[in-house]
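Order of listing sets the numbers, starting from 1, for every ligand and every atom in it.
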Amino acid sequence: MNFDGLIGPTHNYSGLSDGNIASLKNSRKPSNPKKAALQGLEKMKILFDLGFPQGVFLPHERPHLGYLRSKGFKGDDKTIVSSAAKESRLLLNQAYSASSMWAANAATFSPSMDSNDCFAHITPANLISMNHRSIEAEFTYKQMNIIFDESNFKVHKVINEKEYFGDEGAANHLRISKTHLEKGLQIFVYGNEKSQKNSNQIVRQSKAASEMVANLHQLDKENFMLLKQSMKAISMGSFHNDIVSLATENVFIYHQDAFENSHEEIKKLKSKSGLSNLYLLEITNKEIPLEILIKSYLLNSQLVTKKDGDMVLIMPSEVNDYKECTNWLYKIKDQTPIKDLRYVDIKQSMMNGGGPACLRFKIVVNENEFNSINKNFLLNKKLIMQLENLIKDSYRESIEINDLEDPYLINESFEVLDKLTQIFKTGSIYSFQK
Ligand code: SUG
């Protein structure tokens, strides 16, 4: 099942992510938080209507006044925001980012059947390579503990070593297995090693963090492997690996230029997986040039198995603009269990570099584990209606970058969050509620 990050009321385009083409290209354009949140909800509904349980993560508290206070701003809420607006727009923009919507970066998840202690493991990501994202870690840890019961889930502290330990969560983690609930092979994709620290390129996931997460999650050496993302893919805009590869159960799709030393590594992966029925689909440059794959976000899609065994691929509607992609889809429909192709309009998130797969945190749980998940965070018809009404009534239709100075936006955002805590029955969880 998946948990999607509910898109928060301060969604905006501040151009905060170097190396993320869409974020830089759309910097300072007006955003539409209402549309964004409804688009995100619509995507959750597709999975819900297909019969999958669907979870929701609450948006984080923004503006993050604690962050601004830690940078030296003092006074009441409005004074803090107005002085940040005067003295450091960058800090204000970071404090207002709704980036927690991209739940694939919230944490890394390992299912209980892969772990030596038979617990499901969750390690929230430290996201240290981007300031506006690093401030997500604390609330992610808190929220994970509210949702996932300690009887079945171990929620670890974020990796807090700083240098060389950047961790971006499930966006750089894949798992292949015969079926979801059978023991699988976990693949940790990293971008940098110590020696690359001084390169100009922003490389977000470190090998050291991937190794540490695998260790914390009690995985045997035979059940995980480390794979290096290619510098070519990163420098062309694949700032996370989930833009150039994708896996669900026995299907693994990747671009020929996704990994360093691809040929040998994929051979290793195949033999380590032990799967005779593995669909290993390599996209060649001839079929889809890397640049087009990255622009289209074709592989930043959700691949899910329906009850009848067929798979559904839920893609961003942008994929339709590229003939190379639609030709390739036509071909795989013939050769793989992927039979149902769907497109979803999540343009508001896409304009910040977040596709369908970025917006969700995928977990694999057995029935007993599922039953111990906090039910208030699971989508049902009533919750869909409540969320739709709240978004329609209280979210703005436009936020321009200068609107982040607007003192009214602070309370507007906090009021939405306060209502959400009532809907999700969490009690006071945000600091403005204390
Ligand atoms: O971290 N964009 C996010 C997009 C995350 C996509 N996630 C995955 N690939 N799984 C990021 O770069 C842009 C914010 C701004 O510019 O306002 C941003 O943070």
Checklist outcome for this item: Here the atoms of ligand 1 under 4.0 Å from any heavy atom belonging to Ser23 are 13 (C), 15 (C), 16 (O)

Checklist entry - Given Asn374 and Phe148, is the side chain to side chain contact (heavy atoms under 4.5 Å, CB included) satisfied, shown in steps? => result CA-CA 7 Å; Asn374 187 333; Phe148 299 106; over 6 Å; no

Checklist entry - Given the rule in the ring pair (Phe, Tyr, Trp, His ring centres under 6.0 Å) test, do Phe139 and Tyr141 qualify, once you have shown the distances and angles that lead to the verdict? => result CA-CA 5 Å; Phe139 189 75; Tyr141 176 75; over 10 Å; no

Next on the checklist: I'd like to check which ligand 1 atoms, numbered from 1 as shown, lie under 4.0 Å from a non-hydrogen atom of Ala171.
Outcome noted: 10 (N)

Item to check | Close-contact set for ligand 1 against Cys358 heavy atoms, below 4.0 Å | outcome: 6 (C), 7 (N), 8 (C), 9 (N), 10 (N)

Item to check | Polar side chain donor-acceptor pair, Gln39 to Ser349, under 3.5 angstrom | outcome: no

Next on the checklist: Could you tell me if Gln256 and Ser262 have a donor-acceptor pair between their side chains, going purely by distance under 3.5 Å?
Outcome noted: no

Next on the checklist: Side chain or backbone, does Ser97 bring an N or O within less than 3.5 Å of an N or O on ligand 1?
Outcome noted: no

Checklist entry - Is Arg396 salt-bridged to Asp406, cutoff N-O under 4.0 Å? => result yes

Checklist entry - Does ligand 1 have a heavy atom under 4.0 Å from the side chain of His132, from its backbone, from both, or from neither? => result side chain

Item to check | Among Leu280, Thr336, Leu303, side chain to side chain contact (heavy atoms under 4.5 Å, CB included) partner for Val251 | outcome: Leu303

Checklist entry - If you measure from the Lys or Arg side-chain nitrogens to the Asp or Glu carboxylate oxygens, is any gap between Asp257 and Lys232 under 4.0 Å? => result yes

Next on the checklist: With heavy-atom distances below 4.0 Å as the criterion, list the atoms of ligand 1 near Gly353.
Outcome noted: 4 (C), 6 (C)

Next on the checklist: Is it the case that the side chains of Ser317 and Asn320 hold a donor-acceptor pair, with the cut-off being a distance below 3.5 Å and no angle test?
Outcome noted: no

Checklist entry - Any N/O of Ser17 closer than 3.5 Å to an N/O of ligand 1? => result yes

Checklist entry - Which atoms from ligand 1 have a heavy atom of Gly15 less than 4.0 Å away? => result 15 (C), 16 (O), 17 (O)

Checklist outcome for this item: Contact region, Glu168 to ligand 1, non-hydrogen atoms below 4.0 Å, reads neither

Item to check | Short N or O distance, Ser14 and ligand 1, threshold 3.5 Å exclusive | outcome: yes

Checklist entry - Do the side chains of Asn376 and Thr426 get nearer than 4.5 Å, heavy atoms only? => result no

Next on the checklist: Check this for me, if you would: do Glu405 and Arg89 make a salt bridge, where the nitrogen-to-carboxylate-oxygen distance has to be below 4.0 angstrom?
Outcome noted: yes

Checklist entry - Should you measure from each heavy atom of Asn352, which atoms of ligand 1 turn up under 4.0 Å away? => result 2 (N), 3 (C), 4 (C), 13 (C), 14 (C), 15 (C), 16 (O), 17 (O), 18 (C)

Next on the checklist: Distance under 4.0 Å to a non-hydrogen atom of Asn12: what atoms of ligand 1 satisfy this?
Outcome noted: 17 (O)

Item to check | Electrostatic pair Lys178:Glu249 at N-O distance under 4.0 angstrom | outcome: no

Checklist entry - Which atoms of ligand 1 are found less than 4.0 Å from any heavy atom of Asp242? => result 8 (C), 9 (N), 10 (N)

Checklist entry - What part of Asn105 sits under 4.0 Å from ligand 1 if we count only heavy atoms: the side chain, the backbone, both or neither? => result side chain

Checklist entry - Going by heavy atoms, is Arg133 under 4.0 Å from ligand 1? => result yes

Checklist entry - Under 4.0 Å from ligand 1, counting heavy atoms only, is it the side chain of Arg204, its backbone, both or neither? => result side chain

Next on the checklist: Just to check, does Asn26 reach to within less than 4.0 Å of ligand 1 when the distance is taken from its heavy atoms?
Outcome noted: no

Checklist entry - Do any nitrogen or oxygen atoms of Gly354 come within less than 3.5 Å of a nitrogen or oxygen of ligand 1? => result no

